[in-house]
Every structure is written in structure tokens, then in C-alpha cells.
Amino acid sequence: MHKLDRVELAERELLRLYFHDPTVRMRLRNRTNFSFIHDNYQLLYTFGEGYFEKHDSFLIAEFMDYLPSSDDRLQRLVSAVEQMAVPPTTSDEQVTDYLIAMRRSVFEKQLQKAQNDLRDAARTGDDKQAVQLLQRIIDLKRQIQEVATQQMI
């Protein structure tokens, strides 16, 4: 099994809270355009939304039956999520921290791409592209800073 990075760990913990805490479910539903970064977590969230239309609480056996039986990677992921140690109480701050980690990762990937593109522009002598990329890098660094200080609803 691969080691989880901070973003995937945040997604996993947020998904576990989503399964077991109705206030977290409501908070995620109320976020405009909410989605998980990794496809497998997004798929489980989507299946979870369908599951919770018919069920008030989460029972792993029922949810496993709700998942496509042909996709054992999702079932393994649900099992791994369920085996995580979770504190007995959930704070808004925890959920906010997970959401911030996920949002930052989007900007950090864009920053990494812009930095790679800048190296390519410098190598080929494309000064106009380099200036545009430098501005993009500055903007992305500013956005990364802002994400950490924003109030996540």
C-alpha cells in the first residue's frame, strides 16, 4: 500500500466524517462545486449522496452492497476509511483544515506546472511567455496564502 500524502489523508478523514456525521454531510452539500481531488474519493462521495437519499445513517455493510460489486477498489477504500482512528468529536476546525488542505493542493499543482513551464520558456528564450508565467506564479502563491487564511464555509 502506498503512503498517503497530506491531501489524500485529508480526503480520507473528510470522507469518514461525511459517512458518520450529518452536520459534515450538510456542510459538504452546501459548498458550491464541492468535489474531492482524487477520483476514487469523489466516486465514494457520489455513491454516498445516493446512499443517504435512502438511509439516515451509515452502515458499512449496507453501503458496500450499494457499491458496484465489480469495483473492489472502492470497497477496499471504504474498508480502509472505516478502519481509520477518528476522534470521538468532530470540530468545525477539523473539517476546515481538511478542506483547506484539499484546496491548497489544487493551487500547488498549478504552481508546479507554471514553474515547469517557466523553465521551458526560459530554456527556449520565450521572454513574453516567461513574463506571463512569472505573473501566474505570483498570483498562485498569493492564492495559496489566501486559502490558509480564508474562512471555509
Side-chain angles (χ1 to χ4, degrees), residues 1-120 133 135-153:
M1 189 167 114
H2 75 282
K3 185 173 165 43
L4 301 176
D5 64 19
R6 69 181 164 83
V7 175
E8 195 170 354
L9 187 58
E11 287 180 301
R12 197 171 275 204
E13 291 177 3
L14 189 58
L15 191 62
R16 177 155 171 80
L17 292 173
Y18 165 80
F19 286 154
H20 295 282
D21 187 330
T23 59
V24 172
R25 281 196 295 277
M26 190 58 64
R27 185 170 175 187
L28 296 183
R29 285 182 190 131
N30 288 337
R31 288 185 56 80
T32 305
N33 299 324
F34 172 77
S35 65
F36 284 88
I37 306 297
H38 294 94
D39 292 341
N40 286 344
Y41 296 95
Q42 182 59 39
L43 272 170
L44 288 177
Y45 175 73
T46 302
F47 281 116
E49 285 295 277
Y51 174 84
F52 286 115
E53 286 178 11
K54 299 178 176 122
H55 301 86
D56 292 329
S57 61
F58 183 80
L59 297 172
I60 189 169
E62 286 180 357
F63 187 67
M64 292 288 219
D65 289 341
Y66 191 79
L67 295 175
S69 58
S70 61
D71 198 345
D72 60 332
R73 71 191 159 95
L74 290 180
Q75 296 192 3
R76 282 194 308 272
L77 182 55
V78 170
S79 294
V81 166
E82 277 298 287
Q83 292 174 14
M84 293 181 65
V86 174
T89 60
T90 304
S91 71
D92 282 342
E93 209 170 278
Q94 275 178 292
V95 175
T96 298
D97 288 347
Y98 300 148
L99 293 170
I100 287 172
M102 290 167 55
R103 187 139 182 246
R104 275 184 66 130
S105 77
V106 171
F107 291 126
E108 288 168 348
K109 285 181 182 174
Q110 292 174 7
L111 176 62
Q112 187 175 29
K113 182 182 181 330
Q115 289 170 331
N116 290 338
D117 292 348
L118 176 61
R119 280 190 284 279
D120 292 343
L133 287 164
Q135 185 58 50
R136 177 80 176 131
I137 288 168
I138 291 167
D139 291 344
L140 287 167
K141 285 183 177 184
R142 188 176 304 124
Q143 287 174 311
I144 289 168
Q145 288 294 329
E146 288 173 2
V147 165
T149 59
Q150 282 180 344
Q151 179 66 25
M152 303 291 283
I153 297 171

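For the numbers below, each heavy atom of this structure counts, side chains included, while hydrogens, waters and symmetry mates do not. Every value quoted in this text rests on a predicted model; they were computed, and no experiment measured them.
Between Phe52 and Tyr18, the ring centre distance stays below 6.0 Å. For Phe47 and Phe63, the gap between ring centers reaches or exceeds 6.0 Å.
Side-chain atoms of Leu9 and Met84, non-hydrogen and from C-beta on, do get closer than 4.5 Å to each other. Proximity of Gln75 to Val78: side-chain heavy atoms (C-beta onward) are nowhere separated by under 4.5 Å. Tyr98 is not listed as a side-chain neighbour of Glu11, based on a closest heavy-atom distance of 4.5 Å or more. By the 4.5 Å heavy-atom criterion applied to side chains, Ser79 and Met64 are counted as neighbours. Arg16 has its side chain within reach of His20: a pair of non-hydrogen atoms, C-beta onward, lies under 4.5 Å apart. With contacts defined as side-chain heavy-atom distances shorter than 4.5 Å, the pair Tyr41/Leu77 qualifies. Proximity of Phe34 to Met102: side-chain heavy atoms (C-beta onward) are separated by under 4.5 Å at one or more points.
Here CG of Leu118 is found 13.0 Å from CZ of Arg136. Values are rounded to the nearest 0.5 Å. Atoms CZ and CZ, on Arg31 and Arg103 in that order, are 7.0 Å from each other to the nearest 0.5 Å. Interatomic distance, Arg73 CZ to Leu44 CG, rounded to the nearest 0.5 Å: 9.0 Å. The structure places CD1 of Ile100 at 9.0 Å from CD of Glu93, a figure rounded to the nearest 0.5 Å. Between Asp5 atom CG and Ile37 atom CD1 the span is 10.0 Å, to the nearest 0.5 Å. One distance of note links CG of Leu43 with CG of Leu67; it measures 9.5 Å at 0.5 Å rounding.
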Chi angles and distances behind the side-chain hydrogen bond (donor to acceptor under 3.5 Å, both in side chains) call for Asn30, Arg27: CA-CA 5 Å; Asn30 288 337; Arg27 185 170 175 187; over 6 Å; no
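Under the side chain to side chain donor-acceptor pair (under 3.5 Å) test applied with Asn116, the options Lys113, Gln112, Arg119 reduce to a single match, Arg119.
Electrostatic pairing of Glu49 and Arg25 does not count as a salt bridge here, judged by no charged N lying under 4.0 Å from a carboxylate O. Using a cutoff of 4.0 Å between basic side-chain nitrogens and carboxylate oxygens, Asp139 and Arg142 are scored as salt-bridged. Under a 4.0 Å N-O distance rule, the pair Lys3/Glu8 does not qualify as a salt bridge.
In the displayed structure, Asp65 atom CG is contacted under 6.0 Å by more than 12 heavy atoms of other residues, nucleotides or ligands.
For the residue pair Arg104/Gln143, the side-chain donor-acceptor check at 3.5 Å is not satisfied.
Between Tyr51 and His55, the two ring planes are parallel [angle under 30°; tilted spans 30° to 60°].
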